[in-house]
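The next block holds one structure in the form of structure tokens; read it before the comments.
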Amino acid sequence: MKNSKMIRAAAVVLSAALLTISSVGNVYAGVCTEKKTSVKKSITAEGSYANWDGVTNVSQFADEKGNFCFAYDNGKYVTVVKGKNKINLKKKTSTFGAVTCDAEGYFYVVTGAANSSTDRNKNTVYVSKYDTKGKLLGSVGDDGSSSLAYYYNDSFRTQIPFDGGNCDVAVNGDYLAVNYAREMYSGHQSNSLLLVDTETMKKVHVDAYYNSHSFAQRVVPYQNEFLLASEGDCYDRAFTLSTTKIQAGMCSSQNTFDFWVKKGTLNDWNMFALNNNFAHLGGIAAGKGNQAALVATSAKSLSSKALKENEQLFIQIFDPQKDLSKENGYITKGTRSGLAGPNGDEQVTNYGVKWLTNYSSSYTISNPQVVSTTKGNYVVLFEHYKGLTYQGVYYMVINSTGKMVVKATRLSANGYLNPSEMPVYTKGKVYWAGNSRKDQYIYINSFAVK
């Protein structure tokens, strides 16, 4: 679990550091650099708690030319920073969600607003489209009805957006997907998917996307569709991977990694115990061909041993189009078996689990993240602590067969990763935005990885 010191640390990101060039085969990393911007702002993750993600006030993405950009919540506006230029985009509603850019240079801003009225059909999440100069071109709203394939009543629509988790957004061709946390009118928390046709700025209906108590959300382009991830603590109590089927208006979901809980926990309605997954979702990445990867931390055991285990870093590389309840769906090797499910009484086996660390209880990993490269490798980043003492940002590289080709190597002794925001791989480099401990300006940080 994150303690207050770690949460504070996650808001202060990378200062300058040099990384000795390492080389294994065709994989190498060069100098880790930082470039100071004119933006003085602390990067935070509003609402983060224990294994719950929060919504960061800074989004990071590549523009239409592949240049790294970032955007930050600026009150009534979202400010996009492209090199030396700043573009102000007026927000549709007050609550900041996320920002991205498409291949034509249009910006998309996700915002939200809680609904205090009795009208449960009211939209509470919006996607707004802007041109390259910041002119608003259109908006589309969402009431969170993507879950209605399971629950045919309005109590499962979105009342409070971005609650108990984060908001992630991705563009693929003419479509945009928003995977976001929310509190429903029922009073319970879950996720929801907003899928938008960016040409018409109309909502695309999607059935069957729902995870109860989804405390972390991710979405990335996958082939001509999207790949989504969720960390749920109840229905389902697992890391869940979902692939969209846009033309069919459907999402197909599978669990890849389950969490232990004491038998009878749901029957006892012990929410404190149920909320503890002994795990933290890191990120997902689409690799070459049909491949994709999930990176996270977790206790290794699916038993009461998890109560005393510290979380270790792992990766699963798989084909999302295959049956992920079977071993042949995975490229990586490794199994874990035990009892899972919301009541702790379901016998399960997880496949393709490759553990990347085996630290003693003196060490803690925070903010695991992953990006894929053009060569099909996966770059894994994480923060490392000894007790409460911060050790720095580390990275490793895993190739498409699951082999570790660059072992855990420190990038910076003073840097921190942007919480709940995956880094960006573009033009042969990994980028992310963050602060320096020397001041509170935002810096652009990068290092080259083939």
Side-chain angles (χ1 to χ4, degrees), residues 53 59-62 97-104 106-110 125 127 129 140 142 144-147 149 162 165-182 190-211 214 216-232 239-256 281-295 316-322 324 329 369-372 378 420-425:
D53 267 2
S59 283
Q60 48 200 20
F61 52 89
V99 185
T100 194
C101 181
D102 69 12
E104 297 179 79
Y106 295 117
F107 300 110
Y108 300 88
V109 178
V110 185
V125 174
V127 172
K129 180 178 181 178
V140 59
D142 183 48
S145 59
S146 65
S147 63
F162 321 141
N166 69 309
C167 175
D168 202 13
V169 63
V171 172
N172 196 1
D174 292 335
Y175 293 96
L176 176 144
V178 184
N179 190 9
Y180 68 91
R182 62 357 181 335
S190 74
N191 60 358
S192 191
L193 169 63
L194 170 57
L195 188 61
V196 176
D197 183 328
T198 59
E199 290 293 309
T200 63
M201 286 303 290
K202 293 184 181 295
K203 180 178 174 180
V204 179
H205 179 74
V206 179
D207 280 335
Y209 186 71
Y210 178 82
N211 295 97
S214 173
Q217 299 76 34
R218 304 288 185 269
V219 59
V220 295
Y222 176 73
Q223 298 183 357
N224 295 321
E225 302 273 345
F226 294 96
L227 178 67
L228 304 95
S230 166
E231 178 187 339
F239 290 135
T240 300
L241 273 299
S242 304
T243 52
T244 58
K245 298 178 180 178
I246 296 173
Q247 298 305 317
M250 293 290 293
C251 249
S252 177
S253 299
Q254 304 185 73
N255 295 339
T256 67
L281 179 60
I284 52 174
K288 300 194 77 171
N290 294 336
Q291 270 197 16
L294 178 145
V295 165
Q316 289 175 295
I317 303 176
F318 49 87
D319 182 345
Q321 300 176 8
K322 291 186 177 181
L324 298 180
Q369 298 174 354
V370 62
V371 294
S372 60
Y378 301 97
S420 306
E421 275 277 329
M422 288 185 289
V424 175
Y425 177 80

To the nearest 0.5 angstrom, please state how far the [atom1] atom of [X] sits from the [atom2] atom of [Y].
X      : Y      : atom1 : atom2 : result
Tyr210 : Ser242 : OH    : OG    : 13.5 Å
Asn191 : Ser214 : CG    : OG    : 4.0 Å
Asp102 : Tyr175 : CG    : OH    : 14.0 Å
Leu227 : Gln321 : CG    : CD    : 10.5 Å
Phe162 : Cys167 : CZ    : SG    : 4.0 Å

Which pair of heavy atoms, one from [X] and one from [Y], lies closest together, and at what distance?
X      : Y      : answer
Ser146 : Ser192 : OG-OG, 2.9 Å
Gln369 : Pro423 : OE1-CD, 3.1 Å
Val220 : Ala286 : CG2-N, 4.3 Å
Val206 : Leu193 : CG1-CD2, 3.8 Å
Val371 : Ala285 : C-CB, 4.1 Å
Gly173 : Thr198 : O-OG1, 4.3 Å

Self-check item: side-chain contact (heavy atoms from CB on, under 4.5 Å) partners of Ala293, counting only residues at least two apart
Solution: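 Scan of Ala293 (side-chain contact (heavy atoms from CB on, under 4.5 Å), adjacent residues dropped) gives Ile315, Ile317, Tyr378.
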Practice problem: Determine, step by step, whether Asn172 and Gln223 satisfy the side chain to side chain donor-acceptor pair (under 3.5 Å) criterion, reporting the C-alpha distance in whole Å, the side-chain angles of both residues, the deciding distance to 0.1 Å, and the verdict. | Solution: CA-CA 8 Å; Asn172 196 1; Gln223 298 183 357; over 6 Å; no
Quiz prompt | Inter- and intrachain pairs under salt bridge (Lys or Arg N to Asp or Glu O under 4.0 Å), touching residues 190-202, at least two apart | solution = none
Quiz item: Considering the options Asn179, Asp168, Asp53, which one meets the side chain to side chain donor-acceptor pair (under 3.5 Å) requirement together with Arg218?
Solution: Asp53
Quiz item: Checking side-chain contact (heavy atoms from CB on, under 4.5 Å) against Thr244, which of Tyr222, Phe226, Tyr209 comes through?
Solution: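 The side-chain contact (heavy atoms from CB on, under 4.5 Å) with Thr244 is passed solely by Phe226 among Tyr222, Phe226, Tyr209.
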Exercise. Could you tell me whether the side chain of Leu241 reaches within less than 4.5 Å of the side chain of Pro320, counting heavy atoms only?
Key: no
Self-check item: With sequence neighbours excluded, residues passing salt bridge (charged side-chain N to carboxylate O under 4.0 Å, His left out) with Lys203
Solution: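 Salt bridge (charged side-chain N to carboxylate O under 4.0 Å, His left out) check on Lys203 returns Asp142, Asp143.
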